[in-house]
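Since this is a predicted model, take the numbers as computed values, not measurements.
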Amino acid sequence: MHDIRVEVGYDVLQANEALAEKNRRLLDGFGVTGFNIMGAIGSGKTTLIELAIESLGDKYGIGAIAGDIVADIDADRFKSHGTPTVSLNTGKECHLDANLVEHAIGQLPLDDMDILFIENVGNLVCPTDYSLGEHHRVVVVSVSEGDDIVEKHPMIFRTCGLAIVNKVDIAEAVDADAGKMIDDALRNNPRIKALKTSKTTGEGIDDWIKFIEVNVNARR
């Protein structure tokens with residue numbers, strides 16, 4: 001009997017990585033810095049992107065890709081700020097991939113952009129292995145998900161440069177320890193930068209905006 005093994009998963013990831021590198025080179029050619037924003041539904045990804053658009057929109061050209069299973073709700077929120085946005089509905093798929101992003105990038109005015117926000121599908125598992133061609137990976141978790149959420153999803157934190165623990169103003173109400181979540185992120189990845197944020201109190205929002213601006217300016 002012949003032992004036949006088909007490494008489908010490896011080939012898919014390898015093909016995705018090649019496309020992601022193509023996307024990255026395209027963004028490089030136009031001087032655009034890409035941020036892949038990952039996190040569960042309700043973690044606050046869309047709000048954090050909106051706050052960045054409001055703060056940086058007068059200084060930088062910004063575009064967005066809004067990934068979701070269905071609907072254009074998040075895309076419409078970005079568009080309401082005058083931000084060129086492409087909506088990507090993945091149907092049953094739980095993550096964006098480089099092929100989808102390649103087609104979306106082609107619909108954006110890269111000549112007029114400095115920043116591309118890619119809001120990934122609301123999931124802390126599937127996006128981990130799929131590079132999109134971004135320059136920076138950001139993971140957002142909310143205290144409302146429970147303060148063991150970082151412990152339960154270590155891999156995504158190991159692939160990111162920034163971890164945001166969001167909605168910390170309600171931590172006491174949901175019996176969550178935001179400090180523990182920060183410690184867990186740093187334990188998983190000692191090189192990660194970790195922030196506590198809250199739209200309600202403003203905590204950490206300036207640091208979130210500064211993270212974006214520093215990294216965009218560093219590539220100019």
Undergrad: For Val150 versus Ala185, what's the shortest heavy-atom pair and its separation?
TA: CG1-N, 3.6 Å
Undergrad: Looking at Asp177, is its backbone amide N or carbonyl O close enough to the side chain of Asp147 to form a donor-acceptor pair, meaning the two atoms are under 3.5 Å apart?
TA: yes
Undergrad: So does Glu213 pair up with Lys210, basic N to acidic O under 4.0 Å?
TA: no
Undergrad: Looking at Glu54, I want to see if its CD is surrounded by more than 12 non-hydrogen atoms of other residues, nucleotides or ligands under 6.0 Å.
TA: yes
Undergrad: Please round to the nearest 0.5 Å and tell me the distance separating atom CD1 of Ile156 and atom CG of Asn123.
TA: 7.5 Å
Undergrad: Please tell me if the side chains of Glu145 and Ser43 come closer than 4.5 Å, counting only heavy atoms from C-beta onward.
TA: yes
Undergrad: Compare all side-chain heavy atoms of Ile115 with those of Phe35 and state whether any distance is below 4.5 angstrom.
TA: yes
Undergrad: Transitively linked via ILVMFWY side-chain contacts under 4.5 Å: Leu100 with Val32?
TA: yes
Undergrad: Counting C-beta onward and ignoring hydrogens, is there a side-chain heavy-atom pair between Leu96 and Val121 closer than 4.5 Å?
TA: yes
Undergrad: If you round to the nearest 0.5 Å, how far is NZ of Lys167 from OG of Ser198?
TA: 10.0 Å
Undergrad: Mind checking whether Tyr60 and Met113 sit in one hydrophobic cluster, side chains of I, L, V, M, F, W, Y counted as touching below 4.5 Å?
TA: no
Undergrad: I need the single residue from Asn36, Asp28, Thr33, Asn215 that forms a side-chain hydrogen bond (donor to acceptor under 3.5 Å, both in side chains) with His135. Which is it?
TA: Asp28
Undergrad: Would you call Asp114 and Arg220 a salt bridge, using N to O less than 4.0 angstrom?
TA: yes
Undergrad: In Å, rounded to the nearest 0.5 Å, how long is the span from CG of Leu88 to CG of Asp74?
TA: 12.0 Å
Undergrad: Are the side chain of Lys199 and the backbone N or O of Gly44 linked by a donor-acceptor pair below 3.5 Å?
TA: no
Undergrad: Ring-plane angle category for Trp208 and Phe117, please: parallel below 30°, perpendicular beyond 60°, tilted otherwise.
TA: tilted
Undergrad: Check whether Ile62 and Leu110 end up in the same hydrophobic cluster, where Ile, Leu, Val, Met, Phe, Trp and Tyr are linked by side-chain heavy atoms less than 4.5 Å apart.
TA: no
Undergrad: Given the rule that I, L, V, M, F, W and Y join up when any side-chain heavy atoms are under 4.5 Å apart, are Phe157 and Leu162 in one cluster?
TA: no
Undergrad: Quick one: does Ile170's side chain get under 4.5 Å of Val143's, heavy atoms only?
TA: yes
Undergrad: Can you tell me how far CD1 of Ile53 sits from NE2 of His81, rounded to the nearest 0.5 angstrom?
TA: 6.0 Å
Undergrad: Walk me through whether Thr197 and Leu48 qualify under side chain to side chain contact (heavy atoms under 4.5 Å, CB included).
TA: CA-CA 9 Å; Thr197 56; Leu48 288 170; 4.3 Å; yes
Undergrad: Which of these passes side chain to side chain contact (heavy atoms under 4.5 Å, CB included) with Ile118: Ile49, Val138, Ile105, Leu132?
TA: Leu132
Undergrad: Restricting to non-hydrogen atoms, name the atom on Glu21 and the atom on Arg24 that form the minimum distance, rounded to 0.1 Å.
TA: OE1-NH1, 2.7 Å
Undergrad: Would you call Lys79-Asp72 a salt bridge at under 4.0 Å N-O?
TA: no
Undergrad: Would you kindly confirm whether Ile192 and Val165 end up in one hydrophobic cluster when ILVMFWY residues are joined by side chain heavy atoms under 4.5 Å apart?
TA: yes
Undergrad: Side chain of Thr85, backbone of Thr83: donor and acceptor closer than 3.5 Å?
TA: yes
Undergrad: Assess whether a salt bridge exists between Asp183 and Arg187, defined as any Lys/Arg side-chain N lying under 4.0 Å from an Asp/Glu carboxylate O.
TA: no
Undergrad: What I'd like to find out is whether the side chain of Val141 reaches to under 4.5 Å of the side chain of Asn166, using heavy atoms alone.
TA: no
Undergrad: Distance-only, no hydrogens or angles: does the Glu151 side chain make a donor-acceptor pair with backbone N or O of Ile149 under 3.5 Å?
TA: no
Undergrad: Side chains of Ser131 and Arg137: any donor to acceptor distance under 3.5 Å?
TA: no
Undergrad: Give a yes or no answer on whether the side chain of Asn16 reaches the backbone of Ala98 with a donor-acceptor pair at less than 3.5 Å.
TA: yes
Undergrad: A side-chain contact here means heavy atoms from C-beta on lying under 4.5 Å apart; do Asp111 and Pro109 qualify?
TA: no
Undergrad: If you measure from CD1 on Ile205 to CD1 on Ile164, what distance do you get to the nearest 0.5 Å?
TA: 7.5 Å
Undergrad: Under a 4.0 Å threshold between the charged nitrogen and the carboxylate oxygen, would Glu203 count as salt-bridged to Lys196?
TA: no
Undergrad: Is there side-chain contact between Asp206 and Phe211, with heavy atoms separated by less than 4.5 Å?
TA: no
Undergrad: Look at the side chain of Lys45 and the backbone N and O of Gly39, then say whether any donor-acceptor pair between them is shorter than 3.5 Å.
TA: yes
Undergrad: Would you check if Glu17 and Tyr130 make a side-chain contact, meaning some heavy-atom pair closer than 4.5 Å?
TA: no
Undergrad: Between His95 and Cys126, which heavy-atom pair has the shortest distance, and what is it?
TA: CD2-CB, 3.7 Å
Undergrad: Nearest 0.5 angstrom please: Cys94 SG to Leu124 CG, how far?
TA: 11.5 Å
Undergrad: Apply side chain to side chain contact (heavy atoms under 4.5 Å, CB included) to residues Leu108 and Ile65 and explain how you reach the verdict.
TA: CA-CA 9 Å; Leu108 289 168; Ile65 296 171; 3.9 Å; yes
